[in-house]
Amino acid sequence: MKERIVICLMACMMLAGCGKATGQFIEPSILNPAVTEESTVLTPAVTEETTVNENSDASAMELFKGFLGIEGEAVSAVSDVEISVDDYDGAHIFDFKQGDKVYIEDLKRGILNGEWADENKILYTFFYENTESPVLAVLIPYNPNYPDENNCTFFFNVVDGEVHLASYKDVMADGATYSYVGKDGLISYNALPLGRSSSGLIFSETYIVDEDGQLVKILKELMIAHNEAEYHVDDERAFALFYEMYSDDNHSYISKAECGSETYFVLYSDETDTALDESYIEACDKEGIKICTRDELIPVVNEYIKKQGFDADIADLDNNKAEWGELQ
């Protein structure tokens with residue numbers, strides 16, 4: 001089980017956004033579409049919240065810093081979304097309705113309801129900081145010791161001189177969900193729906209936050225180990241062949257990855273039986289199913305990202321982790 005967890009997390013970390021790992025994979029072949037945390041923490045000085053939205057001529061970054069209460073005049077935000085957040089233990093953290101004013105103090109009070117109230121801190125970072133349309137990300141951890149696990153992240157933009165809560169991603173109450181946030185707005189979530197004790201099934205979603213603060217989906221992936229493939233043999237022929245040919249002793253994974261309108265099947269091999277891997281790829285090929293590797297899929301995803309107008313590289317995740325500021 002321990003080996004399986006390692007293989008599984010390496011695959012997700014490298015492809016869908018939790019850092020670069022050093023696992024080995026089968027050699028690349030021609031890629032065709034299928035036919036069917038530690039983050040750097042910056043601690044700012046805290047300023048007192050006094051007035052609200054008085055400086056309409058302030059830049060977006062000045063407004064963000066005012067909203068955070070770290071510099072300049074204090075401002076509020078307007079919520080463009082309706083949100084209700086409970087933490088992993090069921091404690092109600094906060095909720096906002098569309099049109100509500102949002103203050104940073106609301107978020108600070110909200111985390112006092114959680115189990116880690118005495119230790120928890122709000123984290124923040126900026127995307128597109130040197131452009132005319134920066135975005136502020138505010139992360140609320142469930143457990144401050146593991147901010148990349150089970151959190152809620154808000155994304156703010158500035159419209160007509162006013163800060164807006166544009167969108168959010170809430171996985172605080174989900175089971176064993178891990179996230180990655182990059183400086184370039186690349187964000188991914190890897191969920192183990194069966195819990196930490198079983199890594200036979202992983203759901204991954206990768207997004208990019210655009211300059212409007214909206215989440216644009218880039219990649220969706222379902223990864224399956226042999227012990228879970230039995231329950232998915234009717235879903236995809238590639239899964240059925242994987243179940244027939246591999247065993248629980250082998251810690252390889254087969255995944256279904258959706259990028260834009262295309263679907264790819266990816267083999268994450270544990271490298272213990274390359275002959276078996278080759279036989280599986282050949283069996284799939286005979287049925288018109290092209291199997292690729294992680295190394296083949298990454299440039300395809302990067303090209304899709306560029307076509308969407310973004311500048312991000314999922315092959316260089318470690319060097320692009322977001323640097324988080326910490327609110328007192």
Side-chain angles (χ1 to χ4, degrees), residues 6-37 127-128 178-191 202-211 214-225 236 238-239 241-242 252-271 274 277-278 280-285 287-322:
V6 170
I7 290 290
C8 182
L9 293 181
M10 283 198 305
C12 277
M13 286 164 62
M14 287 192 292
L15 181 57
C18 288
K20 186 178 180 182
T22 57
Q24 296 179 327
F25 297 87
I26 59 177
E27 291 299 318
S29 57
I30 298 176
L31 176 64
N32 292 306
V35 296
T36 51
E37 147 171 293
F127 307 136
Y128 315 115
Y178 304 87
S179 64
Y180 167 91
V181 179
K183 296 176 183 177
D184 47 18
L186 185 71
I187 297 178
S188 75
Y189 296 89
N190 301 315
I202 287 190
F203 295 100
S204 296
E205 291 185 342
T206 299
Y207 303 86
I208 287 184
V209 182
D210 67 15
E211 292 186 351
Q214 300 298 320
L215 292 169
V216 178
K217 183 173 286 187
I218 298 298
L219 183 69
K220 178 181 178 181
E221 187 173 21
L222 169 62
M223 294 182 60
I224 299 176
E236 301 288 348
F239 295 164
L241 290 172
F242 184 79
S252 299
Y253 282 76
I254 184 65
S255 85
K256 178 181 179 181
E258 300 173 48
C259 181
S261 60
E262 302 291 355
T263 298
Y264 304 89
F265 290 99
V266 188
L267 178 63
Y268 295 93
S269 173
D270 68 358
E271 293 273 308
T274 56
D277 295 336
E278 292 172 0
Y280 172 69
I281 293 171
E282 182 179 352
C284 288
D285 186 64
E287 299 201 22
I289 305 167
K290 297 299 181 182
I291 302 296
C292 67
T293 67
R294 176 260 183 189
D295 288 339
E296 293 170 316
L297 185 61
I298 278 184
V300 174
V301 177
N302 277 339
E303 182 63 24
Y304 178 76
I305 289 173
K306 290 181 180 179
K307 287 182 178 179
Q308 304 309 304
F310 301 109
D311 183 18
D313 183 0
I314 65 171
D316 192 23
L317 300 175
D318 276 348
N319 293 323
N320 286 298
K321 286 183 179 179

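Keep in mind it's a predicted model, so treat the numbers as computed, not measured.
- In this structure, Ile289 CD1 and Ile281 CD1 are separated by 12.5 Å, a value rounded to the nearest 0.5 Å.
- The shortest heavy-atom contact between Phe203 and Leu222 is CE2-CD1, 3.3 Å.
- Ser204 has its side chain out of reach of Thr206: every pair of non-hydrogen atoms, C-beta onward, lies at least 4.5 Å apart.
- Here Phe239 contributes atom CZ and Phe265 contributes atom CZ; the two are 5.5 Å apart, rounded to the nearest 0.5 Å.
- Ile224 CD1 to Ser252 OG: the interatomic distance, rounded to the nearest 0.5 Å, is 13.5 Å.
- Electrostatic pairing of Lys306 and Asp311 does not count as a salt bridge here, judged by no charged N lying under 4.0 Å from a carboxylate O.
- If you take SG on Cys292 and CD1 on Ile298, they are separated by 10.5 Å, rounding to the nearest 0.5 Å.
- Interatomic distance, Ile314 CD1 to Asn320 CG, rounded to the nearest 0.5 Å: 12.0 Å.
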Item to check | Chi angles and distances behind the side chain to side chain contact (heavy atoms under 4.5 Å, CB included) call for Leu241, Glu287 | outcome: CA-CA 10 Å; Leu241 290 172; Glu287 299 201 22; 4.1 Å; yes
Next on the checklist: Please evaluate residues Tyr207 and Glu205 with respect to the criterion side-chain hydrogen bond (donor to acceptor under 3.5 Å, both in side chains), reporting the C-alpha separation (whole Å), side-chain torsions for both, the decisive distance (0.1 Å), and the verdict.
Outcome noted: CA-CA 7 Å; Tyr207 303 86; Glu205 291 185 342; 2.5 Å; yes
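- No donor-acceptor pair under 3.5 Å is formed between the side chain of Tyr253 and the backbone N or O of Val266.
- Remark: Lys290 NZ to Tyr264 OH distance equals 14.0 Å, nearest 0.5 Å.
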Checklist entry - Does the pair Ile254 and Ile291 meet the rule for a side chain to side chain contact (heavy atoms under 4.5 Å, CB included), with working shown? => result CA-CA 9 Å; Ile254 184 65; Ile291 302 296; 4.3 Å; yes
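- Here the closest heavy-atom approach between residue Ala257 and residue Leu297 is recorded as CB-CD2, 3.9 Å.
- For the side-chain contact (heavy atoms from CB on, under 4.5 Å) with Phe127, the lone residue among Leu186, Ile208, Val209 that qualifies is Val209.
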Next on the checklist: Run Leu219 and Tyr304 through side chain to side chain contact (heavy atoms under 4.5 Å, CB included) and show every step you take.
Outcome noted: CA-CA 10 Å; Leu219 183 69; Tyr304 178 76; over 6 Å; no
